Amino acid sequence: MDNNLDALTTIFTEFYYWVTVVFMFLIHVGFCVYEVAASRRRNHLHTLMKNIMVIPLVTVTFFFFGWWIYFAFPNGPYIFEGKGLDFAAASGARPWDPLMGTNLADHINGVFWAAFLLFSWTAASIVSGAVMERIRSGAFWLLAVLIGSVAWIIDAAWGWHWDGWMVKYLGYHDAYASGVIHAIAGGFALGVLIVLGPRLGKFRADGTPRDIPPHNPWLVTLGLFLIYTGFWGFYAACNIPLISPEGIGGQITGTTWTATNIYLAPTTLSAITFNFLMSLSGGLMVAYVVSKGDVFWTFSGGLAGIITASAGNDLYHPIQAMFIGAFGAWAAYKLHYWVERKFKIDDAVGAVAVHGYAGVIGLLIAGFMLWGQPSSPYEGYAAINPLGMFIGAIIMFGLLGFLPGWIMAKILNGMGMLRVPAKVELEGLDFETNQAYQAAIEDVVAAEKALVNAV
Amino acid sequence: MSTNGMTDWAVDLADVSAIYPFQGTEFLLFIAGLVFWIGWHWIQLREEATELQHELDADETGDLAKASIERY
């Protein structure tokens, strides 16, 4: 920061990311509120603790190795073709590097790390809701570390990095994370659910599904409202707020500064504000109609709308974003119930549909809508195209989502560590805590009544 | 070929304005958006009328309504 403009830009950028982190905290608050509200009373505390412990476990592992993965892995499969891991670029993300601490020579690493970390929590938290009321906490926390500090950040290095191989060679474009967060988390959840199995009582003897209503529908919607709010921070965090053409160092000429997406290609905060709200609205409107006014699905449909349009929300026209969001919400709703009936998958909160299917559909749509547009400001990168986006969707949902989730769940299940015993599931995961709570109440009530007679 | 006319970023940003795909279709998009919005109201009003009829049919005697009032 050797001149005033440089100092202003640096401090503005530092503060910008810091604000996005605070906003994104609301996503986790929302997920916790929503998940507890969707669970039954006898599982509340366990459900809450399962999700809240994502925060410390993913945070420390993301500090230890997740952040390093992002800078070391952009070459992806090309590590086998002599390009290797990028140790030089990743040196500042080693947990023992001076840049990973209090350091007056760097203002960005900590806030940028935190912005990515909050995405990590979100990826894990998406899985958390789907598997609730029967998974062991210990198993879930291992799965949370796998997706939050390994799988998603590999996909970010591959497809959400200015130098990622998927961007260079496939023309992959996923500006607000339809694939890199939502499709991967949905795919991961599906892989775990297949091994974990449905909650007891979810399916009748003839295989038809029962509805297991949330204990508090109003609180479910409050949780989703909070997720919407945090989503604003998520969108802003996906942008570089202010950078000069020299700072980008690509093909752009002239001296006009700009905001960019994560690929350093120009966009504006105004554009994504238009498109966030229009895709939310398209999703809400269609989800209301298709679910016949169901509260849970209307709110979730709004989320699905944003998620579907997110891949290209830096470039779409707002009305295009609205229609894409509308389609995504319709598809997520239909696919959720079709998969539930056909394959007996008990996704307790519809996470696979709202995040996974909507995310994949969003990638496929972006491939056509943005066909031929540059994926990057750098020369020699593949243009955005349907085939590249299709392959990208398979990598996100299948290779880095479904497969690691399924394999890890298989291992945990083989060791008898995945699912709680059936009797515990039926009596409730908080059974012992609730018994102790009731006993403590009876004890203190009896003691106080005795004191009334004594005083 | 590109859906927004740009095939690379070798441009001066001072010369660039709209970059959304399929420029020139804005008015058609607007008309389609209006149809979507009006259509939503039409479908919603029809569905709500059906739902209200179901509510009426569900309690012909009024006993359920009284129980509902008591629950507040």
Side-chain angles (χ1 to χ4, degrees), chain A residues 243-245 248 250-260 263-268 271 274-275 278 281-282 284-286 288-293 312-323 326-327 365-381 383-385, chain B residues 1-60 63-72:
Chain A
I243 192 167
S244 65
I248 295 169
Q251 295 178 287
I252 300 169
T253 62
T255 56
T256 304
W257 292 50
T258 183
T260 74
Y263 311 113
L264 299 175
T267 186
T268 69
F274 267 139
N275 291 346
M278 289 296 274
S281 301
L284 281 168
M285 287 168 76
V286 163
Y288 179 91
V289 169
V290 75
S291 71
K292 299 193 183 307
N313 257 352
D314 56 330
L315 292 165
Y316 293 146
H317 186 281
I319 302 178
Q320 293 167 347
M322 180 190 76
F323 280 123
F327 179 74
I365 292 172
F368 289 97
M369 288 293 293
L370 308 178
W371 199 344
Q373 297 191 27
S375 64
S376 163
Y378 299 103
E379 195 172 359
Y381 278 54
I384 303 166
N385 67 90
Chain B
M1 188 210 82
S2 162
T3 53
N4 72 349
M6 296 185 71
T7 53
D8 61 50
W9 279 107
V11 291
D12 184 339
L13 295 181
D15 300 329
V16 180
S17 52
I19 54 170
Y20 49 81
F22 307 113
Q23 290 166 39
T25 63
E26 294 87 345
F27 191 73
L28 282 176
L29 272 176
F30 165 65
I31 297 296
L34 282 182
V35 170
F36 175 70
W37 164 58
I38 300 292
W40 187 87
H41 283 296
W42 183 74
I43 293 169
Q44 191 277 330
L45 289 168
R46 195 188 57 182
E47 292 287 324
E48 189 172 18
T50 307
E51 185 189 329
L52 290 171
Q53 190 57 51
H54 285 161
E55 301 273 4
L56 288 171
D57 296 343
D59 182 26
E60 289 180 356
D63 292 342
L64 293 175
K66 286 173 189 162
S68 179
I69 291 164
E70 281 176 12
R71 280 199 302 274
Y72 199 59

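These numbers come from a predicted model, not from an experiment.
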To the nearest 0.5 Å, how far apart are [atom1] in [X] and [atom2] in [Y]?
| X | Y | atom1 | atom2 | result |
| --- | --- | --- | --- | --- |
| N4(B) | H317(A) | CG | NE2 | 13.0 Å |
| T7(B) | Q373(A) | OG1 | CD | 10.5 Å |
| I319(A) | L28(B) | CD1 | CG | 10.5 Å |
| Y316(A) | F22(B) | OH | CZ | 10.0 Å |
| M1(B) | N385(A) | CE | CG | 9.5 Å |

(request) Give, as side chain, backbone, both or neither, the part of A32(B) having an atom under 4.5 angstrom from any heavy atom of chain A. (result) both
Interchain contact, [X] with chain B, by part (heavy-atom threshold 4.5 Å):
| X | result |
| --- | --- |
| A326(A) | side chain |
| S375(A) | neither |
| F368(A) | backbone |

(request) May I ask you to list the residues in residues 42-58 of chain B that approach chain A closer than 4.5 angstrom, counting heavy atoms only, ordered by number? (result) I43(B), Q44(B), E47(B)
(request) Report yes if the side chains of W371(A) and S2(B) come closer than 4.5 Å at any heavy-atom pair, otherwise no. (result) no
(request) Name the option with the most non-hydrogen atom pairs under 4.5 Å to chain A; the candidates are P21(B), A10(B), G33(B). (result) P21(B)
(message) Ring centroids only, cut at 6.0 angstrom: are Y288(A) and W40(B) within range, meaning strictly under it?
(response) yes
(message) Evaluate M369(A) against T3(B) for side-chain contact (heavy atoms from CB on, under 4.5 Å), listing each step before the verdict.
(response) CA-CA 7 Å; M369(A) 288 293 293; T3(B) 53; 5.9 Å; no
(request) Indicate yes or no for a side-chain donor-acceptor contact from T256(A) to the backbone of L13(B) under 3.5 Å, with no hydrogens or angles considered. (result) no
(message) Shorter than 4.5 Å, heavy atoms on both sides: which option in A383(A), G254(A), P266(A) has the most such pairs with chain B?
(response) P266(A)
(request) Check the pair L315(A), Y20(B) against side-chain contact (heavy atoms from CB on, under 4.5 Å), reporting the backbone distance first and the verdict last. (result) CA-CA 5 Å; L315(A) 292 165; Y20(B) 49 81; over 6 Å; no
(request) Begin from the C-alpha positions of E379(A) and D8(B) and carry the test side-chain contact (heavy atoms from CB on, under 4.5 Å) through to its verdict. (result) CA-CA 8 Å; E379(A) 195 172 359; D8(B) 61 50; over 6 Å; no
(request) Decide if atom CZ of F36(B) counts as having more than 12 heavy atoms of other residues, nucleotides or ligands within a radius under 6.0 Å. (result) yes
